[in-house]
Every structure is written in structure tokens, then in C-alpha cells.
Amino acid sequence: MAERPATPPTVTTPMAATDPEIKQITAELHARQRFVISSHSRPDGDSIGSQLAMAFGLRALGKHVTVVNLDPAAQQFMAFPGVRDINVAPAVDGDFDAAIVMECSDYARTGVTGLDRYFTINIDHHPGNSRYGQINWFDSSAAACAEMVFDLVQALGVPLSIEVATHVYVAILTDTGSFHFSNLSPRTFDICRQLLEAGIDPVRIARQVYDSASLGRLKLCGAIMTGMTVDSSGQIAVLYVDRPMVRAAGATYDDTESVINQPLTVKELQAVVFFKQTDGDEYRVSMRSKGEVDVGIVAKEFGGGGHKNAAGCTVRGHIDELRQMFVARVTRAIDGRPDRR
Ligand code: 5GP
Ligand code: MN
């Protein structure tokens, strides 16, 4: 066994509480009383976790907080504190002193109208944020938006409650693809250490997030995998799902959420493109990749966005042509990665 160093290594804190944005945001949060918090449509674990960590942090200060999203949280998140109380609505018009928008490159990404009427605090970790708020804070080095929220809540001076800690952990766990993606940093693990010290149960949380699915989901997963194709290079997997497949399996569209990660368990596969039919010839496209293969660039070319290893967009067209087009673009991303140049 390796000997322990006499002094523990210093943990890097790229988002220390001395950051000017954190100072500015905490001042505004202390000065205001009523908040509305929104995030992107079809909220993921980082959306929900960031929003509710922020909400519980602010409520600990006696603030009034309403969380509003266009779409409900996926079933596996419902068991976590406060998730059932999230308002699902296409517009906000309440009496709020400020809006906090998380994880969104622009207002449109929320799908919720009316947010732009409030003093807006924009918190995001996706590259390409359009600085639409009165305060704009983004840090693309954060593995999850909730890493930023963690710092913010600490800076507010409220104790790290089990509710805040649970939501920050749910966000980090899901947004890193269970600690698989390349945006992990020492900071990520330092935060997780503090979350464990605050009393969260990572095993229970992982079971709730990943092992509480329905039989329909497993059957749908089987159908999607059966239809999987691999490109001629053997590096890109393409998945497809449409409404009849979902119906036949007795599943829901939400059940397709994490299926995309399966092909990357195969050593040779470097990227996955997943087409989900929404309406006629319209498809939601989700992409995942390993290491330096940047699918974020591909998503951006098609009007979407995301990160290097996880991105998405919405496109229209004939499915066969779309398949060819995306495989060609992802091939370029594989060939163009820095270690191949
Ligand atoms: P997913 O494949 O899970 O829908 O999305 C993966 C990542 O890409 C997430 O970080 C998500 O925010 C981002 N993303 C997905 N679709 C879009 C889109 O249409 N526009 C933008 N800007 N980002 C997206
Ligand atoms: Mn995120």
C-alpha cells in the first residue's frame, strides 16, 4: 500500500468564493426577497439539482422561492426533496424580485416566457452562453452547474443541509455520466467529499437515479439496442427510437434518457448518435462521446449545443439522410481530435 503523504495535496478551487461574480450574486440575493428559478426544457439531473440546491439554500435565508420549468422532472428524480413541488408552466408572471436561470445559453432554452421581465441572474457551465442576464456567471470548467451553485450556497453563509447536498450530488452524478465524462476535476471530488461529510448516501442516490426504472424501459432499451447500427469504421453507433417502438414496449419517451450511454461501454465505440422521433420528420438528436471527440461542435453546427462529450440538437429531414450526415460529421470530430492532429 502506498504511504500517505505527510500533508494532504492542495485542492484546486477554480470557483473560489472570492470570484467577483459570486460576490456580486450573493449581494443581489441578500438584497432581494422573492425569486423565481428556471432551467431548460426537459430538465435533466443537473437542472433539477442546481435549481433545488439553490432554492433550499435561499429558503434557509428566509427567502421566498418558486421553481418553474416547462417540463416535469423525470420519474427517477421525483423522490428527491422538493421535486414534486416544482411548478410546470409555460410562463411566469408572479411578483418576483429576480429570476435565476440555470443551464441555459439564452432565455429561449427555458421554453418559459416572461423571465426576461425580471432582474436576471444567469448561471451556466455550457460554452457559448449569450450573456442575456443582468449578471452573467458561467464557468465551462464546472463538471455540473451545481458545482457553481455549491460555491454560491457556501458563499451565502448557510449550512450545507442534507437537501442542498443531495441535490448537488444528484446533479454531479448525472451530469458527469456517473463520473465518466472528461470535465471532472479535483474540485468535483472535493465537493463530493463535502457532500458525503454532510450526510448524503451516494449508494441510495445512485439506486434511486439509475436502478428505479420500469420493465417497459428495459424492454424499450432492448428494442433500441436491437436496431443499433455501427458505421463502417466501427467507432460510431447510431440509435433510433420512434413512438410505435415506445408504445410496443409499454414505455414512455422519458425512458429513453440514459439508453444512449450503453454503446460507449463497448471499447471500440467512440461516439453515439441517438435519433428520437418527435413529430413526423422532426428528430431530437442526442450525442455522447469519449475523451477528446467533440460532439458539442457537431451539435452546434445543427443549431444545438452542449459539451464536448454530451450534446444535442433538434433537426428535420429524412432519417436515412440524417444518419449519413451525422455519421459524416462525427467522423470528422473523431479524425480531428487533438491527439490525432
Ligand atoms: P441530451 O442529449 O441529454 O438531451 O443533452 C446533452 C447535453 O447537450 C446537455 O448538456 C444539454 O443541455 C445539451 N443540449 C441538448 N440539446 C440541446 C439544444 O438543443 N441546444 C443546446 N444549446 N444544448 C443542448
Ligand atoms: Mn449541466
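Atoms within each ligand, like the ligands themselves, are counted from 1 in listed order. Basis for what follows: all heavy atoms, side chains included, without hydrogens, waters or symmetry-related copies. For reference, positions follow the sequence shown, starting with 1.
Angle subtended at the Mn ion (ligand 2) by H125 NE2 and D46 OD2: 90°, rounded to 10 degrees.
Close contacts of ligand 1 with R42, meaning ligand atoms under 4.0 Å from a residue heavy atom, involve 4 (O). Of all atoms in ligand 1, listed by their number and element, those nearer than 4.0 Å to a heavy atom of C313 are 16 (N), 19 (O). Atoms of ligand 1 lying under 4.0 Å from at least one heavy atom of G306, given by number and element, are 8 (O), 13 (C), 23 (N). Residue contact check: H307 has heavy atoms under 4.0 Å from atoms 10 (O) of ligand 1.
The aromatic ring centroids of F189 and F179 lie less than 6.0 Å from each other.
In terms of protein heavy-atom proximity, atom 7 (C) of ligand 1 is closest to A310 O, 3.4 Å. In terms of protein heavy-atom proximity, atom 10 (O) of ligand 1 is nearest to H126 NE2, 3.1 Å. What sits closest to atom 16 (N) of ligand 1 on the protein, heavy atoms only, is R284 NH2, 3.0 Å. Closest to atom 11 (C) of ligand 1 among all protein heavy atoms lies R109 NH2, 3.5 Å.
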With side-chain hydrogen bond (donor to acceptor under 3.5 Å, both in side chains) as the test, would you mind laying out the steps for S258 and R217 before giving the verdict?
CA-CA 10 Å; S258 60; R217 186 196 168 279; 2.8 Å; yes
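Within D175, OD2 is the N, O or S atom that lies nearest to the Mn ion (ligand 2). If you look at E103 and ask which of its N, O or S atoms sits nearest the Mn ion (ligand 2), the answer is OE2.
Taking 2.8 Å as the threshold, D44 does not count as a candidate ligand of the Mn ion (ligand 2), since none of its N, O or S atoms lies below it.
At least one heavy atom of R288 sits less than 4.0 Å from an atom of ligand 1.
Ring orientation note: the planes of F326 and F302 are close to parallel, at an angle under 30° on the 30°/60° scale.
Evaluated by nearest non-hydrogen atom to atom 22 (N) of ligand 1, the leading choice among A311, G177, S258, G305 is G305. Counting only non-hydrogen atoms, the option in G304, G312, S286 that gets closest to atom 1 (P) of ligand 1 is S286.
When only modelled atom types and interatomic distance are considered, S140 and H125 share no side-chain donor-acceptor pair under 3.5 Å.
Here the options are T120, T113, D116, the test is side-chain hydrogen bond (donor to acceptor under 3.5 Å, both in side chains), and the partner is Y107; only T120 passes.
Contacts between E103 and ligand 1, counted as non-hydrogen atom pairs separated by less than 4.0 Å, are absent for every part of the residue.
Nearest heavy atoms, S41 versus L70: CB-CD2, 3.8 Å.
Hydrophobic clustering (ILVMFWY, side-chain heavy atoms < 4.5 Å, transitive): I121 and V68 are in distinct clusters.
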